[in-house]
Structures are given as C-alpha cells and as structure tokens.
Asks: 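Just passing along the structure, written as structure tokens.
Letters A, B, ... mirror the listed sequences (proteins, then strands); counts begin at 1. FYI, side chains are in, hydrogens and waters are out, and symmetry mates aren't considered; it's all heavy atoms of this structure. No experiment lies behind these values; they were computed from the predicted model shown.
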2 protein chains.
Amino acid sequence: MNNKEKLRKAGLRPTKQRMIIADILLDGIDRHFTAENLQNEINSSGNSMSIATIYNCLKKFRNCGLIKQVESSKDTAIFDTNINQHHHFLDEETGELIDIENDEVNLHKLPKIPQGYLNNGVEVLIKIKKQI
Amino acid sequence: MNNKEKLRKAGLRPTKQRMIIADILLDGIDRHFTAENLQNEINSSGNSMSIATIYNCLKKFRNCGLIKQVESSKDTAIFDTNINQHHHFLDEETGELIDIENDEVNLHKLPKIPQGYLNNGVEVLIKIKKQI
DNA sequence: TTTTTACTTTAAAATCGTTCTAAACTACTT
DNA sequence: AAGTAGTTTAGAACGATTTTAAAGTAAAAA
C-alpha cells in the first residue's frame, strides 16, 4: 500500500504536507524523533513546512495510529515509527531510547485491570545508566 | 525518623521551605502530584512559597531519592511519593495514574542490558481506557 | 465543470510549564 | 560574632507547543 492509500485508510486527506511527512516516516524503518528532528529532515529533503503544521500532522498521525508517542518525562515529545507493542531502554542522562522487541520481555503475571477499564497497551521502560 | 533528620540524611539543609514541603509529602501516604498541586496544598496549609522554590525543592528531593518523578508524556511533570519500585495504570484520556505494587507484576524474562550500562529501574505502564 | 463546503496550512502571537537571574536572606562553620 | 556557602524570591526569560485568523486546497455537490 502506498502512502496516499495509507493516509486515506487512516481517514486523513493526503495533502502535500502530509505526503511529505509520510514519505519520511512511513518507510518501514523504526525510528525515534522529535518535531524538531522531523523539521530538519523535511528541510534536508528540499521542502519546508511551518512548525505548526508539523505538530498538527504528528498529532493526527498519532491519533490515527500511524505513529506512536513514547511515554517519557523529557521536556520534548518523542515519537516512534514502530507502532507494534514494544518496549524501551532509556538512558535518563542523555534521553537516548533503545527499542526492545515485545518478545524480549515476558510478563508472566499482570494485575487485574481496574473495574470499568480496558487494557490499552503495556509499555515496559528499563532505565539504564552508563557504567563508571 | 522525623523530617528534619530525613532532610539532613539526604544531604539537604532543613530550611523553613523544605520543612513545609517535607511535612506535606513525607507523611508515608502514596500520592501523585504536580508542582501546581503542591503549591495549592502549601497555600491551603496557610503557608506560601515561590513557584521557583517549589521547583527547586522538587528537583532536590527527586535527586536525593526522597520522591520519584513518573515517566509520562504529559505536559506537566508528575511526582510520586512512593519511592519503592512499582508500576502504574495510566488513563491517557484523563492522565489519571493508579499505582501497581511491584509484586503484582512478574517479569519473567528481561532483555540483556546494553553493553556498558547498568539497570537503573524497571517501570511497567499499563495504559487503560474507559469501557464504553 | 463550476460552485460550495469543510478541512488544512501558515506566520505570528499567545500560552504554559519550567528555569534563570541577581539580589536579599539564612543556615551553618569558624 | 563574623564569614561563607547555600537558599529563596519575584520577575524575566525560555523553549515546546497551541491558538488565531486569514489564505489556501481537497473533496463533494450541483
């Protein structure tokens, strides 16, 4: 399926700007990035785009499940093109994130989901620090 | 051990402001809160404090291990008085966090920590959403 | 096709959480 | 009691993100 079709399937109009972003992000390569990272990539690709549009797109893409946002208490939002359930190592010093595939973690026992709620995804974060 | 001793033991001078905060936070009750929540509690207790001091204190308390900061991609930093390793349910709609005790989760298999790094804590986040 | 409608993009301003600044203050040491 | 190192403060500054409102564009209707 090409990117235009992916956008339509997600219920998003394939505008020029969304196509530029889709062409960068939806190439099947797993990566972590910020809005600013993406703007730099857009610029390097010979295009340009308002930062407001970049934020709009990232929010829409995230809400449609085309990308994910990583849970992390950094000051800048980090997005992830790997939309499968998976986990992360986090170096809190540098903010570096490293993917952990889902089958690398085995959750043997999970608590009961609170009454009235549904499980909407499990994320394991392993905080790591550089050995001295 | 009283709060004055706790602060000294953590290497922090027990100033008037830190004692006010310690008296609110270090009462053994587990709670999640933001800087703004804490300022409201300080105000309700008949005291007042600059927001800069509140942030300073929270950062110091966190760095000394008196409190923890929760990993979450919300726009506001969330702190936790429960400093034991534990986990959370997160309702992404409302931002509500619910504690999960460490023994409620059983991680049967963990990936190898990357070369040159040490494990610095594991956090499991179970995202939940309201049933419709 | 043309027209209409709803959605999208944009630059710039606004907002919000957090940090910085530098002066006044306070706890601890001598 | 005096010195010094750390702390608090109001307010300014900052950086990420969102809002605004006007101009532009895609899809639907005529």
Asks: Could you pull out all residues at least two apart from B:Asn43 that satisfy side-chain hydrogen bond (donor to acceptor under 3.5 Å, both in side chains)?
Replies: none

Asks: Heavy atoms of chain A, cut-off under 4.0 Å: which first and last nucleotide of DNA chain D, 5' to 3', fall inside that, if you could look?
Replies: D:dA16 to D:dA27

Asks: Show every side chain to side chain donor-acceptor pair (under 3.5 Å) that has at least one partner inside residues 61-72 of chain B, sequence neighbours left out.
Replies: A:Ser73-B:Glu71, B:Arg62-B:Gln69

Asks: List the steps and the verdict of side-chain contact (heavy atoms from CB on, under 4.5 Å) for A:Leu58 and A:Phe33.
Replies: CA-CA 11 Å; A:Leu58 288 176; A:Phe33 62 97; 3.7 Å; yes

Asks: Can you list every pair that meets salt bridge (charged side-chain N to carboxylate O under 4.0 Å, His left out) and has a residue in residues 72-83 of chain A, with sequence neighbours left out?
Replies: none

Asks: Below 4.0 angstrom, which residues in residues 11-19 of chain A have at least one non-hydrogen atom near DNA chain C?
Replies: A:Arg13, A:Thr15, A:Gln17, A:Arg18

Asks: Which pairs pass side chain to side chain donor-acceptor pair (under 3.5 Å) with one or both residues in residues 2-20 of chain B, sequence neighbours excluded?
Replies: B:Asn3-B:Asp23

Asks: Verify whether one side chain among B:Thr34 and B:Asn37 offers a donor that lies under 3.5 Å from an acceptor in the other.
Replies: yes

Asks: Just the endpoints, please: which first and last nucleotides of DNA chain C, 5' to 3', lie under 4.0 Å from a heavy atom of chain A?
Replies: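 So the outermost contacting nucleotides come out as C:dA6 to C:dA11.
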
Asks: Among residues 38-55 of chain B, which contact DNA chain C at a heavy-atom distance under 4.0 Å?
Replies: B:Ala52, B:Tyr55

Asks: Closer to the 5' end of DNA chain C via nearest nucleotide, is it B:Ala77 or B:Arg8?
Replies: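 Whichever sits nearer the 5' end wins; that is B:Ala77.
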
Asks: In chain order, what residues pass the side-chain hydrogen bond (donor to acceptor under 3.5 Å, both in side chains) check against A:Lys127, with sequence neighbours excluded?
Replies: B:Glu123

Asks: Is A:Gln131 atom CD crowded by more than 12 heavy atoms from other residues, nucleotides or ligands, each under 6.0 Å away?
Replies: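 Yes, because the 6.0 Å sphere around CD of A:Gln131 holds more than 12 heavy atoms from other groups.
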
Asks: Minimum heavy-atom separation for B:Ile29 and B:Thr81, please, with both atom names.
Replies: O-OG1, 2.8 Å

Asks: Mind checking if A:Lys74 touches a base, just sugar-phosphate, or nothing, with heavy atoms under 4.0 Å?
Replies: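 The answer is nothing, as A:Lys74 stays clear of every strand by at least 4.0 Å.
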
Asks: Test: ring pair (Phe, Tyr, Trp, His ring centres under 6.0 Å). Region: residues 3-25 of chain B. Which pairs qualify, not counting sequence neighbours?
Replies: none

Asks: Can you give me every donor-acceptor pair (side chain of residues 96-114 of chain B, partner residue at least two apart or in another chain, under 3.5 Å) with its distance?
Replies:
residue  : atom : partner  : partner atom : Å
B:Asp99  : OD1  : B:His32  : NE2          : 2.9
B:Asp99  : OD1  : B:His86  : NE2          : 3.3
B:Asp99  : OD1  : B:His88  : NE2          : 3.0
B:Asn102 : OD1  : B:Gln85  : NE2          : 3.4
B:Asn102 : OD1  : B:His87  : NE2          : 2.9
B:Lys109 : NZ   : A:Asp103 : O            : 3.1

Asks: Quick one: does A:Asn119's side chain get under 4.5 Å of B:Ile126's, heavy atoms only?
Replies: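 In short, these two side chains touch, coming nearer than 4.5 Å.
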
Asks: Quick one: salt bridge (charged side-chain N to carboxylate O under 4.0 Å, His left out) partners of B:Asp91, sequence neighbours excluded?
Replies: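 With neighbours one apart ignored, the set is B:Lys130.
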
